[in-house]
Amino acid sequence: MSNKLNSALLDKAIEDILAFSAGETISKGGVEVKGKKRNFTETIEIQITLKNYDPQRDKRFSGTFRLPSIPRPNIKACMLGNAAHCEQADRIGVDHMSVDDLKKLNKNKKLVKKLAKKYDFFLASDNMIKQIPRLLGPGLTKAGKFPTLLAGGEDMQEKIDEVKSTIKFQMKKVMCLNVAIGNVAMEKQQIIANTQLSANFLASLLKKQWQNIGQIYIKSTMGPSIQIYF
């Protein structure tokens, strides 16, 4: 699919976002705005408004796509594993829980909610994934964090990196979508590639592709939003 984003506009937008996050002054709408360096790594997200789309009548869409560069390297995983997987998780410094650990939560809604809040995503061994609804109830599913399966022969670190670099577009009742596509510690070229691929992937999910996309903005956590598609 052809890329409809203006590359000069995108290049300038990302340059401004990175400059602003480094504490430099940028020009926005003809006004000088002074940036500020934060004491955390800001995430960069893309915000997309749809047009000619009726969430009530048109088919809801959902799709996932793996980006070449991990947008949020610091998101936290927990392995719900068998003995071998728990041992592997220990070796690579990933938190893990066994069947016995999950049984101790006693299906307590508050404790399951707390667990879901503590981690950004979960992996589970194949013998565990079937037991999760029975052990924990619907808590993880409700939080949108039902575990991703880690099969016996798969590499845990590779699987974690795959989940970390996968974005999801899902149509709910609103016409606005936003996903994290990078962070201010990344190279400009990596952010550009992630942005273009995300926008193209979303367009591929839509009935009329780019004709269903109204505007696209890009912004860092604390920075101003900059329009890159009109």
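Here, residue 1 is the first one in the sequence, and each next residue gets the next number. For the numbers below, each heavy atom of this structure counts, side chains included, while hydrogens, waters and symmetry mates do not.
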Check: Thr221/Glu42 side-chain N/O donor and acceptor closer than 3.5 Å: no
Ile44, Ile181, Leu67 screened by side-chain contact (heavy atoms from CB on, under 4.5 Å) with Thr195, the one that passes: Ile181
Minimum-distance pair of heavy atoms, taken over all atoms of Ile191 and Asn183: CD1-O, 3.8 Å
From CA spacing to verdict: side chain to side chain contact (heavy atoms under 4.5 Å, CB included), Phe61, Leu202: CA-CA 10 Å; Phe61 59 81; Leu202 173 64; 3.8 Å; yes
Between Arg66 and Thr166: side-chain donor-acceptor atoms closer than 3.5 Å: no
Charged N-O contact under 4.0 Å between Lys12 and Asp16: yes
Within residues 115-125 or reaching into it, pairs that qualify as salt bridge (charged side-chain N to carboxylate O under 4.0 Å, His left out) - sequence neighbours excluded: none
side-chain hydrogen bond (donor to acceptor under 3.5 Å, both in side chains) against Gln47, all qualifying residues, sequence neighbours excluded: Glu45
Set of ring-ring contact (aromatic ring centres under 6.0 Å, His included) partners for Phe65, sequence neighbours left out: Phe201
Distance-only check: which donor-acceptor pairs under 3.5 Å involve side-chain atoms of residues 68-85, not counting sequence neighbours?
unit_1	atom_1	unit_2	atom_2	d
Asn82	OD1	Ala84	N	3.3
Asn82	OD1	His85	N	2.8
His85	ND1	Ser125	OG	2.7

Non-neighbouring partners of Glu187 that pass side-chain hydrogen bond (donor to acceptor under 3.5 Å, both in side chains), sequence neighbours left out: none
Test item: Gln227 and Tyr217 side chains (from C-beta on) under 4.5 Å apart, heavy atoms: yes
Pair Arg91, Gln88: side-chain N/O donor-acceptor within cut-off below 3.5 Å: no
Residue list, ring-ring contact (aromatic ring centres under 6.0 Å, His included) with Phe122, at least two apart or on another chain: Tyr119
Pair Gln157-Asp161, side-chain donor/acceptor within less than 3.5 Å: yes
